[in-house]
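First comes the structure, then the notes that go with it.
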Amino acid sequence: MTYRGKYKVKNINKYEGDSSNCTFRSLWERQVFRWLDDHPKVLKWGSETVVIPYRCKTDGKPHRYFTDLKIKMDNGKTYIIEIKPKAQTREPKVKSRKTKRYITEVLQYVKNTSKWEAAEEYCENRGWEFAIWTEVEIQSFGIKLVLPKKPKKK
């Protein structure tokens, strides 16, 4: 089950972009949004505010990559962040049977690496840093995953 919704930004002065249209596409994103909103060292942050052009290796066509986060810290550093489950940041293991699922995973991995390579170059040209945050990094910041309450059965 995927979780999506609108995040209500508390510190509007810290948010870059339209704060009424801040959308999370996973529980990890929602928890990171809360952390960014409250963290005193974060000067500015925005969700899907940076769009990076890239050419995908799967089809050779140009595409646009809407990055998950742009974060400006009080030390002057700017970060572009992608939030992904750790399993999606590793190349799928080669299997003897090329199932539809395996082919989909490989294509998604190639598409993601195309995006990430473009993001690395984009950030390098601006003096920014690109990082992929998985559940490992997110939990290392002390961010806990809080599941929404299940509706009570009547």
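The shown structure was predicted, so the numbers you read here are calculated from the model rather than taken from an experiment. Because only heavy atoms are used, hydrogens play no part in the values below, and waters and symmetry mates are left out as well, while side chains stay in.
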Rounded to the nearest 0.5 angstrom, the CZ-CZ distance for Arg30 and Phe24 is 5.5 Å
Between the CD1 atom in Ile81 and the CD atom in Glu137, the distance rounded to the nearest 0.5 Å is 9.5 Å
Taking every heavy atom of Cys22 against every heavy atom of Ser47, the minimum-distance pair comes out as SG-CB, 4.3 Å
Practice problem: Would you indicate whether Lys98, at its atom NZ, is surrounded by more than 12 heavy atoms from other residues, nucleotides or ligands within a distance under 6.0 Å? | Solution: yes
Item to complete: Would you confirm whether Asp74, through its side chain, and Leu43, through its main-chain N or O, come within 3.5 Å as a donor-acceptor pair?
Response: no
So the side chain to side chain donor-acceptor pair (under 3.5 Å) pairs with at least one residue in residues 116-128 (sequence neighbours excluded) are Lys57-Glu117
Discussion item. Tell me whether Val32 shares a hydrophobic cluster with Tyr7, the cluster being built from Ile, Leu, Val, Met, Phe, Trp, Tyr side chains joined at under 4.5 Å.
Written reply: yes
d(Lys14 NZ, Lys44 NZ) to nearest 0.5 Å is 10.0 Å
One should read off an interatomic distance between Asp68 CG and Glu82 CD, to the nearest 0.5 angstrom, of 4.0 Å
(message) Any salt bridge linking Lys86 with Glu135? Criterion: basic side-chain nitrogen under 4.0 Å from a carboxylate oxygen.
(response) no
CA sep, side-chain torsions, deciding dist, call: Cys56, Lys111, side chain to side chain contact (heavy atoms under 4.5 Å, CB included)
CA-CA 6 Å; Cys56 190; Lys111 183 177 182 178; 3.9 Å; yes
CD1 (Ile132) and CD (Gln88) are apart, to the nearest 0.5 Å, by 11.0 Å
Applying a strict under-4.5 Å side-chain criterion to I, L, V, M, F, W and Y, I'd like to know whether Ile52 and Tyr79 cluster together.
no
Checking Ile80, Leu36, Thr49 against Leu69 for side chain to side chain contact (heavy atoms under 4.5 Å, CB included), the one that qualifies is Leu36
NZ of Lys84: more than 12 outside heavy atoms within 6.0 angstrom?
yes
Contacts satisfying ring-ring contact (aromatic ring centres under 6.0 Å, His included) that involve residues 40-68 (not counting sequence neighbours) are Tyr15-Trp45, Phe33-Trp45, Tyr54-His63
Worksheet item: Under the side chain to side chain contact (heavy atoms under 4.5 Å, CB included) criterion, do Lys6 and Asn21 qualify, and how do the steps go?
Response: CA-CA 7 Å; Lys6 296 282 186 187; Asn21 195 24; 2.4 Å; yes
*Verdict with supporting geometry, Lys72 and Val42, side chain to side chain contact (heavy atoms under 4.5 Å, CB included)*: CA-CA 6 Å; Lys72 182 160 173 117; Val42 174; over 6 Å; no
Check: Are Lys10 and Asp38 close enough for a salt bridge, meaning some N to O gap below 4.0 Å?
Finding: yes
Closest heavy-atom pair, Trp28 versus Ile83, reported as atoms and distance to 0.1 Å, is CB-CG2, 4.0 Å
